[in-house]
Enquirer: 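I have a structure here, written as structure tokens, and I will follow up with some questions on it.
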Amino acid sequence: RLRKWQERIRTKDAGERNLQFALSETDRMASSLAIPRSVREVACVIYRRALDEDLIRGRSIEGVATSTLYAACRMEGIPRSLEEVAAVSRVERKEIGRTYRYVAQELNLEMEPVNPKKYVPRFCSELELSEEVQVKANEIIDTTTEKGLLSGKSPTGYAAAAIYAASLLCNEKKTQREVSDVAQVTEVTIRNRYQEQIEAMGIHD
Amino acid sequence: MTDPKDTINIENVVASTGIGQELDLQSVAMDLEGADYDPEQFPGLVYRTQNPKSAALIFRSGKIVCTGAKSTDDVHESLRIVFDKLRELQIQVNEDPEIVVQNIVTSADLGRNLNLNAIAIGLGLENIEYEPEQFPGLVYRLDDPEVVALLFGSGKLVITGGKQPVDAEHAVDKIVSRLEDLGLLE
DNA sequence: ACCTTACTTTACAAAGC
DNA sequence: GCTTTAAAAAGTAAGGT
């Protein structure tokens, strides 16, 4: 009775301290990634659910916090890649990915695969590309996806290649290096996806 | 049209067995040519056979795991070689140790490209795992047979977790009919 | 730009930390 | 949970020439 009561308080306190630390970490990471407050709140709601369902056991708080932030960005339609979140987390990419898959499965988040188009606005603005280039990149993504080119490809690499191609078509050329820097993929990946995409689009340069 | 079942190929068979005798791995490592034994890193001694190609993990308890074989026959042949090698070292080995197949990995080809995005949604996001940022294959867990299939955009697939070669055939049949029902295999 | 090597995912047993 | 073994699928990455 009294022991059980004390245990509850202890558990609750531990949980609160756990939550407090997780929320401050989420805030720190979200700030350095310029993620809006509304998305941070979604991340916190997911984290709280994970805590309630006892999904933290056996994992680091930081890992779960990073994963829920990654999930929240996807849910809100402004995804950050694992590379990007890993850069501001002290948990490595592989662990963030694993934890994300576990949390998404256990909480039935039913996350759809990321549409590469979701990366176009942010990547293009970081590259200072015009609205015209964004429209063109989206068109390339839509057309080539319909032709079946997207299956199994990383959304960031796919978006990066479309943006690179669009920048050429709109005479606002960015180098593969510049695009690969903002998209966090290698130039080789951009080159490979780019070749497939222009061929599917029937473009000859 | 080729029946996808005819494209099934066994790529790896994992099996366990035991000689019914405890072993001094340190001395086995000394006497057995080509044996790799680093107890600090892993408690098992690794012994590779060339024909058929496989790797046997031999433990202090006398239990053995054989992996890398391309068929259940190859598993038996590889382990026969391992048993004989141990007998050459004056180690007692039971007459016919029971060999249990623990896992069979197979590959197959559906012969058509797959729209993994549509399949992920069609089969139900709660049942599948498809994270192309992390891995290009879609993970599909079947209940019967109890195996896991990895589907790729090329139409190729990997089936693992089965204990019998027929498990892969049943799995391919079920996957094909599920995709056909959803109109995703055209 | 190419080539090679290597890492991601799935399943499974073994003994020990 | 991890460690080790094997093998396939396809994408991505890194290092060397």
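As a basis for the values below, the full set of heavy atoms in this structure was taken, side chains included, without hydrogen atoms, waters or symmetry mates. Note that the coordinates shown come from a computational prediction; the quantities given were computed from them, not determined experimentally.
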Enquirer: Between S154(A) and dG11(D), does any side-chain N or O lie under 4.0 Å from OP1 or OP2?
Expert: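 Result: no.
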Enquirer: Indicate, with yes or no, if L57(B) and L79(B) share a hydrophobic cluster defined by side-chain heavy-atom contacts under 4.5 Å among Ile, Leu, Val, Met, Phe, Trp and Tyr.
Expert: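 Different clusters: L79(B) never reaches L57(B) through Ile, Leu, Val, Met, Phe, Trp or Tyr contacts under 4.5 Å.
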Enquirer: L142(B) has an atom CG; how far is it from atom P of dA11(C), in whole Å?
Expert: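 One finds 12 Å between P of dA11(C) and CG of L142(B), rounded.
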Enquirer: With a 3.5 Å limit on both atom pairs, tell me what dG1(D) is paired to, counting Watson-Crick and G-U wobble, or say none.
Expert: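 Result: dC17(C).
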Enquirer: Report which part of the nucleic acid V14(B) touches: base, sugar-phosphate, or nothing (heavy-atom distance under 4.0 Å, all strands).
Expert: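 Base, at least one base heavy atom under 4.0 Å.
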Enquirer: Just call it for G152(A): base, sugar-phosphate, or nothing, with non-hydrogen atoms closer than 4.0 Å on any strand.
Expert: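 Answer is sugar-phosphate: G152(A) comes under 4.0 Å of backbone atoms only.
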Enquirer: Inspect the contact between R178(B) and D181(B) and indicate whether a charged nitrogen and a carboxylate oxygen are less than 4.0 angstrom apart.
Expert: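 Judged by the 4.0 Å cut-off on N to carboxylate O distance, D181(B) and R178(B) do not form a salt bridge.
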Enquirer: Taking the side chain of R193(A) as its heavy atoms from C-beta onward, which of dG11(D), dT9(C), dA6(D) lies nearest to it?
Expert: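 The closest nucleotide is dG11(D).
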Enquirer: By nearest heavy atom, map Q176(A) and V105(B) onto DNA chain C; which one lands nearer the 5' end?
Expert: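 Per heavy-atom nearest nucleotide, the more 5' residue is Q176(A).
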Enquirer: Just name whichever nucleotide pairs with dG15(D), Watson-Crick or G-U, keeping both distances under 3.5 Å, else none.
Expert: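 Base-paired to dC3(C).
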Enquirer: Of the nucleotides dC12(C), dG16(C), dA10(D), which one has an atom closest to the side chain of Q102(B)?
Expert: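 Looking only at heavy atoms from C-beta outward on Q102(B), the closest nucleotide is dC12(C).
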Enquirer: dA9(D) and dC2(C): how far apart are their C1' atoms, nearest whole angstrom?
Expert: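 Going atom to atom, C1' in each nucleotide, I get 23 Å.
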Enquirer: So which one's nearest nucleotide on DNA chain D is more toward 5', A55(B) or P132(B)?
Expert: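 The 5'-side residue here is A55(B).
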Enquirer: Between R74(A) and Y100(A), is the side-chain hydrogen bond (donor to acceptor under 3.5 Å, both in side chains) condition met? List the steps.
Expert: CA-CA 11 Å; R74(A) 279 179 60 164; Y100(A) 158 75; 3.2 Å; yes
Enquirer: Whole-Å distance between dA14(C) P and D38(B) CG?
Expert: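 Answer to the nearest Å: 21 Å.
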Enquirer: Does the dA11(C) base have a donor-acceptor partner in the side chain of T160(B) within less than 3.5 Å?
Expert: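 A donor-acceptor contact between them is present.
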Enquirer: Any side-chain N or O of K94(A) below 4.0 angstrom from OP1/OP2 of dT8(C)?
Expert: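 Indeed, a polar side-chain atom of K94(A) lies that close.
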Enquirer: Please report, rounded to the nearest Å, how far the P atom of dC12(C) is from the CG atom of L57(B).
Expert: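 After rounding, the reported distance stands at 17 Å.
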Enquirer: Just the rounded figure in Å: distance from P of dA6(D) to CD1 of I104(B).
Expert: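 To the nearest whole Å, that distance equals 19 Å.
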Enquirer: May I ask you to decide whether K5(B) forms a salt bridge with E169(B), counting only side-chain N to carboxylate O separations under 4.0 Å?
Expert: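 Judged by the 4.0 Å cut-off on N to carboxylate O distance, K5(B) and E169(B) do not form a salt bridge.
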Enquirer: Of the nucleotides dC12(C), dA13(D), dT10(C), which has the atom closest to the K163(B) side chain?
Expert: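 Minimum distance to the K163(B) side chain belongs to dC12(C).
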Enquirer: Nearest to the side chain of K70(B) - dT12(D), dA11(C), dA7(D)?
Expert: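 Nucleotide nearest to K70(B)'s side chain: dA7(D).
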Enquirer: Taking CG from N12(B) and C1' from dT9(C), how many angstroms apart are they, rounded to a whole number?
Expert: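 Nearest whole value for this atom pair: 15 Å.
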Enquirer: Taking R122(A) first and then E126(A), would you say they form a salt bridge - that is, a charged N and a carboxylate O separated by under 4.0 Å?
Expert: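 Salt bridge flag = yes for E126(A) with R122(A).
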Enquirer: Test for a donor-acceptor pair under 3.5 Å between the base of dA6(D) and the side chain of T67(B), counting only N and O atoms.
Expert: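 For T67(B), whose side chain was compared with the base of dA6(D), there is a donor-acceptor pair (under 3.5 Å).
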Enquirer: Determine: side-chain N/O of S54(B) to OP1/OP2 of dA6(D), distance under 4.0 Å, yes or no.
Expert: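 No.
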Enquirer: In terms of side-chain geometry, is the basic nitrogen of E83(A) or R93(A) positioned less than 4.0 Å from the acidic oxygen of its partner?
Expert: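 Salt bridge present between E83(A) and R93(A).
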Enquirer: For dT8(C), take OP1 and OP2 only and decide whether either is under 4.0 Å from a side-chain N or O of R98(A).
Expert: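 For R98(A), the contact criterion (side-chain N or O under 4.0 Å from OP1 or OP2 of dT8(C)) is not met.
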Enquirer: Classify the nucleic acid contact of R101(A) as base, sugar-phosphate or nothing, counting any heavy atom under 4.0 Å across all strands shown.
Expert: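 Sugar-phosphate only.
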Enquirer: dA13(D) P sits how many Å from L82(A) CG, rounded?
Expert: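 About 12 Å, once rounded to whole Å.
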Enquirer: Please confirm whether the shortest side-chain N or O distance from T186(A) to OP1 or OP2 of dA13(D) is below 4.0 Å.
Expert: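 Yes, T186(A) has a side-chain N/O under 4.0 Å of OP1/OP2 on dA13(D).
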Enquirer: Please work out if V185(A) contacts a base, only the sugar-phosphate, or nothing of the nucleic acid, heavy-atom cut-off 4.0 Å.
Expert: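 The residue V185(A) makes sugar-phosphate contact but no base contact.
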Enquirer: Expressed in angstrom and rounded to an integer, what is the separation of L150(B) atom CG from dT8(C) atom C1'?
Expert: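 Distance check: L150(B) CG to dT8(C) C1' gives 12 Å.
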Enquirer: With side-chain hydrogen bond (donor to acceptor under 3.5 Å, both in side chains) as the test, would you mind laying out the steps for S16(B) and Q102(B) before giving the verdict?
Expert: CA-CA 7 Å; S16(B) 58; Q102(B) 304 286 354; 2.7 Å; yes
Enquirer: How long is the line joining NZ of K63(B) and C1' of dT4(D), in whole Å?
Expert: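 Taking atom C1' of dT4(D) as the reference, NZ of K63(B) is at 17 Å.
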Enquirer: Just name whichever nucleotide pairs with dA11(C), Watson-Crick or G-U, keeping both distances under 3.5 Å, else none.
Expert: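 Pairing partner: none.
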Enquirer: When the C1' atoms of dC3(C) and dA7(D) are considered, how many whole Å apart are they?
Expert: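 dC3(C) and dA7(D) have their C1' atoms separated by 23 Å.
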Enquirer: Quick check: on DNA chain C, is the nucleotide nearest F135(B) upstream (toward 5') of the one nearest S61(B), or the reverse? Name the residue that is more 5'.
Expert: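 In this pair, the answer is F135(B).
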Enquirer: Determine: side-chain N/O of R60(B) to OP1/OP2 of dA14(C), distance under 4.0 Å, yes or no.
Expert: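 Looking at the OP1 and OP2 atoms of dA14(C), neither is under 4.0 Å from any side-chain N or O of R60(B).
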Enquirer: Which part of the nucleic acid, if any, lies within contact of T106(B), taking any heavy atom under 4.0 Å across all strands shown: a base, the sugar-phosphate backbone alone, or nothing?
Expert: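 No contact.
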